[in-house]
Structures are given as structure tokens and as C-alpha cells.
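FYI, side chains are in, hydrogens and waters are out, and symmetry mates aren't considered; it's all heavy atoms of this structure. Chain identifiers are assigned alphabetically (A, B, ...) following the order of the sequence lines, protein sequences preceding nucleic acid strands; residue numbering begins at 1 within each chain.
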2 protein chains.
Amino acid sequence: MYEGVVQDLIDELGRLPGVGPKSAQRIAFHILQAEPVDVRRLAQALMEVKAKVRFCATCGNVAQEEQCNICRDTRRDPSVICVVEEPKDVVAIERTREFRGRYHVLGGAISPIDGVGPDDLRIRELLARLADGSVTELILATDPNLEGEATATYLARMIKPMGLKVTRLASGLPVGGDLEYADEVTLGRAFEGRRLLDV
Amino acid sequence: MYEGVVQDLIDELGRLPGVGPKSAQRIAFHILQAEPVDVRRLAQALMEVKAKVRFCATCGNVAQEEQCNICRDTRRDPSVICVVEEPKDVVAIERTREFRGRYHVLGGAISPIDGVGPDDLRIRELLARLADGSVTELILATDPNLEGEATATYLARMIKPMGLKVTRLASGLPVGGDLEYADEVTLGRAFEGRRLLDV
């Protein structure tokens, strides 16, 4: 419908996740009217990410060096490893400022439907990190859904016999939410995981 | 939160219209995992649009030449001009295949709140196109909202004395919609514009 290069841009934008044909058109017209310097900055940011970002050789998080910022930070406790599915989970946990250990990014979760088995995840690399016995606790922070739970169970069964403390993030009611809107499974988990109040 | 270039990309993406922080993050991770050749194509499409696209000297539509495809198309009727606000309105009307005349893109609508007055629109260029008397009908297809109606009224008052037929797109019930869900203004317009059925 549009002249050549405009349609090309709409097509390319439409391939991005969460960008439908209408948003692609809207973004393309924004680009048409934007300052050339701003568009060049976006195009450069895209190319730079591909050129400079790799994955941390130790934990699999995004990194600009051989190792990511967290693995290079000597103030972080190397005896606790928090296992997550994706780099964005690392960011979510870092935002809480609750955790001062290291991470291990699996690169996904076990999902037979999507054809993802244990060998497709960075599990061998995790076992290598546990080999010297310096790690004392493994926190399994995979998503609280079917695939994440299956992955956590798989890892727990494999790693518990090695004598480490293996923990899983608590499931329960979201803070600030309404009890009546919680689904049955979440509410059931909240009961299971109830704690003594020391008052 | 992210290492340098990843955060840069998230920031740049977040500046696009309709892309919030979560979508920006999601797109950035998609880019991280995409093939370098695909990312290069997107970056190039961005730069090409800025380098090659300009606005048609006659109608103001997007164009890759001095004039847009429609103004260059000699099969299009030059005696009817359809006035729209934005280039994307041209595309929407072209999709209907109902109109075989030419367009004039104003570049917006009169909106005192946004500080857009008649002088900020391509009205002078429109009057120049009407000067030689070859245009017989002007269809005002600005948006059916406050600003679009104000712009249509402004243009009609200015141009009707020149002896042209000045028309406005019909307002009424959207085809395929439910009468009970139509707002009062639309339903009122549908009554006003009711037509004799010739059966």
C-alpha cells in the first residue's frame, strides 16, 4: 500500500514481538517525522547490541565482556546461586535488592510441547559450577508455571543428592492483591506455605 | 539495570509511540537472539526511510520522487480532490477502492489546544491547486472528531464561494455494528443522514 521503503519499514517493524500492523504503521510514521539524528541513534543501538553483546561464559546472563557485571563483582556471594530461565529474570530479581549471590541463566525451561529438553538448557554448565563444592545453596527461581515447575523439579532431583541446600521461591498471594481474585491454585499454595506469625 | 548497550537499545525503543518499558525490553531481547542479518535489515530500513522518503510537492503524501505515486498516475481523475489529515488516511481510503481522484494531505487538523492553526496546515498549497478551475469537487475527509469537523467547516467556508462542489464523508452507523452500542452523536448523525430506500 505504501511506497517502497515505507512499506519495507512497516514490514520489518511488524516482525518484532508485540508489534501488530497498526503499531508498525504508527511507528513508521513517527520515524518519518522524527529528527534524522534520533533515527540514526535507534539504528545504531540495534547494530551495537548485535555487535557488542554476548552471553556470560559463567552464568549465561547478557554481558559485554567475557563475564557479566554480576559474575565479575567480587562483593557478590559466590556460595549461593539463583537459577533463572532468562536474562530478564535476573533484572527482575536485581530490582528487589534482596539477593546478593550469583545467578545461573538456563536459557529457557523444559517444555516437551516446544521441543525443549534438559539438553537444550545450560544445565551442564550449572553442574560444572557446582563441582568444586564451594556453592552451598541453589535457589530455583524458574517461572511458577508448568514448564518452570517441571524444570525446578528436574533440577532438584538431580542436584539434591550432591548435598546442597536446594530451595524454591515461595508461591502465594501477590502483595497488594485481593484475596477474592486469586486463582484456586495460588490460594491453595498460599495455604500450604502459611507461616507462623511471631507477634 | 542492564549492561550499557542493551539498556541503550531499551531506552531508544521506549521512545517509539505505543512502546512501553515492558515491550521495549521484550523487543530488545528478541533483537539479542535474532539473526544479525535480520537486525541489519531493520536498521537499514530505518535509515533508508529517512534518506529516501520525502513529501509529495503537489499533495503532501509520502513520496520517493518529487511527486507521489498517485499524483504521477495519469489515470487518476484530476478534477476531484479528497482532502485528508495524514498520509495514513490516504492508505485507508485507497484500501476501499472507491475513490479514483487525487488527494491533498493537510498534515493535521485545526486544534487550538495543540496550537495548530490554519497556517500550520497545507491550506495555501490546496488553494493553489484550485486556482486554475480544473478541480470541480472537493471531498473533505478529515477525521469525524472535533478537530476534523472544525477543519472541514473552515475549508468549506473558504472554498464554497469559489463555486466548487464541496462534500463531506457521511457519518453514521458503522457497517457490521450493533445499533444499541452506537453513541448518541453517531446515532443522531445516522438519523440526520437517513436516505430513501429505492425498492
**Request:** Indicate if B:I10 and A:L13 have the same hydrophobic cluster label, given that clusters are the connected sets of ILVMFWY residues with side-chain heavy-atom separations under 4.5 angstrom.
**Result:** yes
**Request:** Pick whichever of A:G18, A:A63, A:P17, A:P36 has the most heavy-atom pairs under 4.5 Å with chain B.
**Result:** A:P17
**Request:** Answer whether the closest heavy-atom distance between the side chains of A:V53 and B:L9 falls below 4.5 Å.
**Result:** no
**Prompt:** Are B:I27 and B:L46 joined in one hydrophobic group, where the rule is that I, L, V, M, F, W and Y side chains link up if heavy atoms are under 4.5 Å apart?
**Reply:** yes
**Prompt:** Are B:V105 and A:V6 in one and the same hydrophobic cluster, where Ile, Leu, Val, Met, Phe, Trp and Tyr link if side-chain heavy atoms are under 4.5 Å apart?
**Reply:** no
**Message:** Tell me every residue that passes ring pair (Phe, Tyr, Trp, His ring centres under 6.0 Å) with A:F55, counting only those two or more places apart in sequence or in another chain.
**Reply:** none
**Request:** Please check if B:L164 and B:L126 belong to a single hydrophobic cluster, counting links between Ile, Leu, Val, Met, Phe, Trp and Tyr side chain heavy atoms closer than 4.5 Å.
**Result:** yes
**Asked** Is it the backbone or the side chain of B:D38 that comes under 4.5 Å from a heavy atom of chain A, or both, or neither?
**Response** backbone
**Request:** Apply side-chain contact (heavy atoms from CB on, under 4.5 Å) to the pair B:V5 and A:Q64, showing each step before the final yes or no.
**Result:** CA-CA 8 Å; B:V5 292; A:Q64 279 185 243; 3.8 Å; yes
**Request:** Identify which part of A:V90 has an atom lying under 4.5 Å from any heavy atom of chain B, answering side chain, backbone, both or neither.
**Result:** neither
**Request:** May I ask you to name which of B:Q44, B:Q33, B:M47, B:R15 has the most heavy-atom pairs under 4.5 Å with chain A?
**Result:** B:M47
**Asked** Would B:V135 end up clustered with B:L106 when hydrophobic side chains under 4.5 Å apart are linked, directly or stepwise?
**Response** yes
**Prompt:** Quick check: are there more than 12 heavy atoms from other residues, nucleotides or ligands sitting under 6.0 Å from CZ of B:R26?
**Reply:** no
**Request:** Examine distances only and state if a side-chain atom of B:K50 and a backbone atom of A:L32 form a donor-acceptor pair shorter than 3.5 Å.
**Result:** yes
**Prompt:** Is there a side-chain contact (heavy atoms from CB on, under 4.5 Å) between B:F29 and A:E86 once you walk through the steps?
**Reply:** CA-CA 10 Å; B:F29 275 101; A:E86 304 288 352; over 6 Å; no
**Request:** Give a yes or no answer on whether the side chain of A:E12 reaches the backbone of B:R41 with a donor-acceptor pair at less than 3.5 Å.
**Result:** no
**Between B:A28, B:A34, B:A51, B:S23, the one whose heavy-atom pairs under 4.5 Å with chain A are most numerous** = B:A34
**Prompt:** For the candidates B:D8, B:V39, B:D11, which exhibits the highest count of non-hydrogen atom pairs separated by less than 4.5 Å from chain A?
**Reply:** B:V39
